[in-house]
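See below for the structure under consideration.
Everything numeric here is computed off the predicted structure, so don't read it as measured data. Order of the sequence lines fixes the chain letters, A, B, ..., with proteins taken first and strands second; residue numbering starts at 1 for each chain.
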There are 2 protein chains.
Amino acid sequence: MSVHSGVPTSSAVEDYAKAIYALAAESDGPVSTNAVAERLGVTPASASAMVKRLDELGLARHVPYRGVELTARGSQLALEVLRHHRLLELYLAESLGVPWDRVHDEAEVLEHVLSEELEELIATKLGNPKRDPHGDPIPTRELEIEEDHTLSFDSLEPGGRGTFVRISDSDPQMLRYLADRGISPGAAFEIVEKQPFGGPLFARFGDEVHVIGGTLAARMRVEVST
Amino acid sequence: MSVHSGVPTSSAVEDYAKAIYALAAESDGPVSTNAVAERLGVTPASASAMVKRLDELGLARHVPYRGVELTARGSQLALEVLRHHRLLELYLAESLGVPWDRVHDEAEVLEHVLSEELEELIATKLGNPKRDPHGDPIPTRELEIEEDHTLSFDSLEPGGRGTFVRISDSDPQMLRYLADRGISPGAAFEIVEKQPFGGPLFARFGDEVHVIGGTLAARMRVEVST
DNA sequence: AATAAAGTTTAGGCATGCCATAATCGGGCA
DNA sequence: TGCCCGATTATGGCATGCCTAAACTTTATT
Ligand SMILES: [Mn+2]
Ligand SMILES: [Mn+2]
Ligand SMILES: [Mn+2]
Ligand SMILES: [Mn+2]
């Protein structure tokens, strides 16, 4: 049990705050209890009980049947844990050579246990980085986070050029697929061809043209260079 | 909840195994429930219940009113966690620059959460070290540990020479005191003078003669050079 | 040997965090 | 307006891990 902003928090509470934060970012307005349950792999009944507790802790406001929203404190908690998570991912990858498809699971546990002192030492050692290995922005010490204005890779048309900036960190298979092909955030690309109906996308990264399946393309975020 | 040697273990179970292991090393024969309780800062009733559970898990044998002893499995668990603890302490000190009086508390939490994969990466990065920053031996990958044949510093007489090799890691104040004077495991010394009745010891480390209080001297372990 | 003191265990409780099942609520469609 | 279905809550259970108070065993003292 740690304490953040005067609120005693367990790993479970922190995970709920993170989940609500992420879901709220995906689609605004209050988050449904069921969505939280599904994301965390618990039953709706469990999620309902925990959401009620977050409300009592002052981390969220829950209006029955209407969904849940984080308070300022709740957002801060989520960002604090997100900062831990992403710093750890980058640290494990850079300093210990953990492959990028495995850093997530390690960080998922360590994030709840990292002290403020170690957080600070790690951030300093890494040079206060702005993004983790998957391109996700790392909240600052002051818990500010840079919202990005990226597009989904599969929304581009042939001829489109840009930079691959970000990918969901939670699917190791996708990450391994990209790693095997030497594709990682920061890579420049050009769309060569696009099959309709969620079909694959053919994109050039460096010298080679790679086939990116529809599902994968939907999870890759890119910035286009006009 | 992790799994070691087929036994599901929580942080609490691991801490109890460590405590029993340490107490058994200090004085042989079965370990009393009260000693365990005191070491872990819980009530005797709590310790009694947990010791019973360790027995059911096959990690210890507990004879009511007679004390508890670890089984082979229980010792392995304790050594596994000790390996984690000491590798982490050294890693935090070497790679992140955490002062040696603070590594213990961090390691105390992280030891339960470190994956085998990270353990291995850390051990490799450190060059499979044999001792942690306090001079405590690190169990090998195969969980063998080197028993040392050290003497208590306060058992020496004036004129005695040797090497300071080890000190309890759990008292930050003592560690800071030594660190402030540049005394750490590996340092050669010569006893200059010794006051009776638990009084201080005057010992030369390098050029300087330092005053070592009776309590501190009792916790320092040394090897004498005939 | 009897009794006191010390050490240990049991009994009963509390909090966390998860589950399943069953009752209930509320918004959208007929 | 009423009904249905999905979302929500209520209820009861399980496991962990700690507590206090009370009962019990062992050991030390007289
Ligand atoms: Mn991640
Ligand atoms: Mn922090
Ligand atoms: Mn330690
Ligand atoms: Mn290990």
Which nucleotide sits closest to the side chain of A:Ser46: D:dT16, C:dG17, C:dC19? C:dC19

Between D:dT25 atom P and B:Arg66 atom CZ, what is the distance in whole Å? 13 Å

Short N-O contact, A:Lys130 and A:Glu146, less than 4.0 angstrom: no

Reckon B:Ser10 touches a base, only the sugar-phosphate, or nothing at all at heavy-atom distances under 4.0 Å? sugar-phosphate

Could you check whether B:Arg166 pairs with B:Asp148 (Lys NZ or Arg NE/NH1/NH2 to Asp/Glu carboxylate O, under 4.0 Å)? yes

How long is the line joining CG of A:Leu40 and C1' of C:dC19, in whole Å? 15 Å

Would you mind telling me which of D:dC18, C:dC18, C:dT21 lies closest to the side-chain atoms of A:Ala45? C:dT21

Remember a base hit wins even if backbone is also touched, and classify A:Gly41 as base, sugar-phosphate or nothing at under 4.0 Å, heavy atoms. sugar-phosphate

Mutual orientation of the aromatic rings belonging to A:Tyr91 and B:Tyr91 [parallel < 30°, tilted 30-60°, perpendicular > 60°]: perpendicular

Could you give the CE-to-C1' distance, from B:Met50 to D:dA15, as a whole number of Å? 12 Å

As a test of reading the structure: which of D:dT8, C:dT9, D:dT16 is closest to the side chain of B:Pro64, going by heavy atoms? C:dT9

Taking only N and O in the side chain of B:Thr43, is any of them less than 4.0 Å away from OP1 or OP2 of D:dC18? no

Select one nucleotide: of D:dA7, C:dC18, C:dG17, the one nearest the side-chain heavy atoms of A:Tyr65. D:dA7

Verify the contact: side-chain N or O of A:Ser32 to OP1 or OP2 of D:dA7, cut-off strictly under 4.0 Å; return yes or no. no

Strictly below 4.0 Å: does A:Lys52 bring a side-chain N or O up to OP1 or OP2 of D:dA10? yes

In this structure, how many angstroms lie between the C1' atom of D:dT9 and the CG atom of A:Asn34, rounded? 12 Å

Which of the following nucleotides, C:dT8, D:dC18, D:dT8, is nearest to the side chain of A:Pro44? D:dT8

Under 4.0 Å between a side-chain nitrogen and a carboxylate oxygen: does that hold for A:Asp55 and A:Arg61? yes

Can you tell me if A:His85 and A:Asp132 form a side-chain donor-acceptor pair at under 3.5 Å? no

Side-chain N or O of A:Ser48 versus OP1/OP2 of D:dT9: is the shortest distance under 4.0 Å? yes

Starting at atom CD of A:Glu38, determine the distance to atom P of C:dC19, rounded to an integer number of angstrom. 14 Å

From CD of A:Glu14 across to C1' of C:dG17 the rounded distance in Å is 14 Å

Could you tell me the separation between the NE2 atom of A:His62 and the C1' atom of C:dC25, rounded to a whole number of Å? 13 Å

Counting side-chain heavy atoms from C-beta on, which of D:dT16, C:dG17, D:dT8 comes nearest to B:Met1? D:dT16

Please give, in whole Å, the distance from C:dT16 C1' to A:His112 NE2? 15 Å

